[in-house]
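Everything numeric here is computed off the predicted structure, so don't read it as measured data. Every heavy atom of this structure was used, including side-chain atoms; hydrogens, water molecules and symmetry mates were not.
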Amino acid sequence: SMERILSGSGKWGNEYTARRKDGTRFPVVVYASPIILDGVGVGMRAIVIDITERKAGEAERERLIRAIEHVNESVVITDVRGTIEYVNSAFSRCTGYSPEEAIGQNLRILKSGKHDDAFYRELWETITSGKTWEGHIINKKKNGDLYTDETTVSPVWDSKGNIVQYVSIKRDITHELEMESQMRRSQKMEAIGTLASGIAHDFNNILSAILGYSEMALRGAEENERLSSDI
């Protein structure tokens, strides 16, 4: 590469590890170009940039991405129009859409038809105003199955204070809602059973009193005497 630069046939840019005077090493990127004199490469000029902070930032982003890929909640990043730019593995497991199928699509691919326009309008008005929206959304998987997400949608700003993206954190709570519904039905049936048992007990008490008084009346009546009641 250095011979190519000196010959004037190109420029060079690459990363490598440099060493300071004290012996410590640090990453740099070097951009070099030839110095041409009378059509001959007699030297080269180079710019050396310390990229320690950039490397640290890249490593931090890689750790963040790995963490997001391993969480159980679905993570979706969209642009300001709702076009999907990133989804994690949990999203694919939940919805059935692979990253390749989802990225580039509008988030409307999950729309179930169970919410009216006012619902989505309120959501968008909240996040476009810079606020975070939280709530439950009934969505539709790739295979058509419906499920309920506990969702948080937050705006992302650039250095100038403009909203450039939205981040959605979604958790499928369909099973939890079904369990809650079953528990409520069970509690309702238990309450009905308790009420029926109480009514039966009270009725038995009344019936026992009626039968007791009837038996006493029969015993007090003379033989062949006809018992009757006028209503």
With a 4.5 Å cut-off on side-chain heavy-atom distances among I, L, V, M, F, W and Y, is there a chain of contacts connecting [X] to [Y]?
X	Y	result
Ile138	Leu110	no
Leu146	Ile173	no
Val71	Val156	yes

Mind checking what makes side-chain contact (heavy atoms from CB on, under 4.5 Å) contact with [X], not counting sequence neighbours?
X	result
Ser129	Lys131
Lys55	Glu15, Pro27, Ile51, Glu58
Arg19	Arg25
Lys21	none

Test item: Asp149 side-chain N/O and Thr151 main-chain N/O as donor-acceptor pair under 3.5 Å: no
Looking only at atom types and distance, does a side-chain atom of Gln105 sit under 3.5 Å from a main-chain N or O of Ala102, one as donor and one as acceptor? no
My understanding is that a hydrophobic cluster links ILVMFWY residues whose side chain heavy atoms are under 4.5 Å apart, including indirect links. Using that, what else belongs to the cluster containing Ile137? Val80, Phe119, Tyr120, Leu123, Trp124, Ile127, Trp133, Val153, Trp157, Ile163, Tyr166
Sequence neighbours left out, what passes side chain to side chain donor-acceptor pair (under 3.5 Å) with Ser112? Give chain and number order. none
Side chain to side chain donor-acceptor pair (under 3.5 Å) partners of residues 83-93, not counting sequence neighbours, each pair once: Glu69-Tyr86, Glu69-Ser89, Glu85-Gln165
Taking C-beta and beyond as the side chain, do [X] and [Y] meet within less than 4.5 Å on heavy atoms?
X	Y	answer
Lys170	Asn139	yes
Ile169	Val76	no
Val28	Ile49	no

State which residues pass salt bridge (charged side-chain N to carboxylate O under 4.0 Å, His left out) with [X]; sequence neighbours excluded, sorted by chain then number.
X	result
Arg66	none
Glu134	none
Arg81	Asp79
Asp145	none

Atom pair [atom1] ([X]) and [atom2] ([Y]), whose distance is rounded to the nearest 0.5 Å:
X	Y	atom1	atom2	value
Thr148	His175	OG1	NE2	13.5 Å
Tyr97	Lys141	OH	NZ	12.0 Å
Asn106	Thr78	CG	OG1	8.0 Å

Just wondering, are more than 12 heavy atoms of other shown residues or ligands nearer than 6.0 Å to CG in Asp116? yes
Enclosure of Ile109 CD1 (heavy-atom neighbours >12, cutoff 6.0 Å): yes
Salt bridge (Lys or Arg N to Asp or Glu O under 4.0 Å) contacts touching residues 103-114 (sequence neighbours left out): none
Step by step, would you call Glu122 with Thr126 a side chain to side chain donor-acceptor pair (under 3.5 Å)? CA-CA 6 Å; Glu122 187 271 334; Thr126 298; 3.3 Å; yes
Considering all heavy atoms, the nearest Lys142-Gly96 contact: CD-O, 3.5 Å
Is Arg171 paired with Glu150 through a side-chain N to carboxylate O contact shorter than 4.0 Å? yes
Apply side chain to side chain contact (heavy atoms under 4.5 Å, CB included) to residues Thr95 and Tyr147 and explain how you reach the verdict. CA-CA 9 Å; Thr95 66; Tyr147 68 102; 3.4 Å; yes
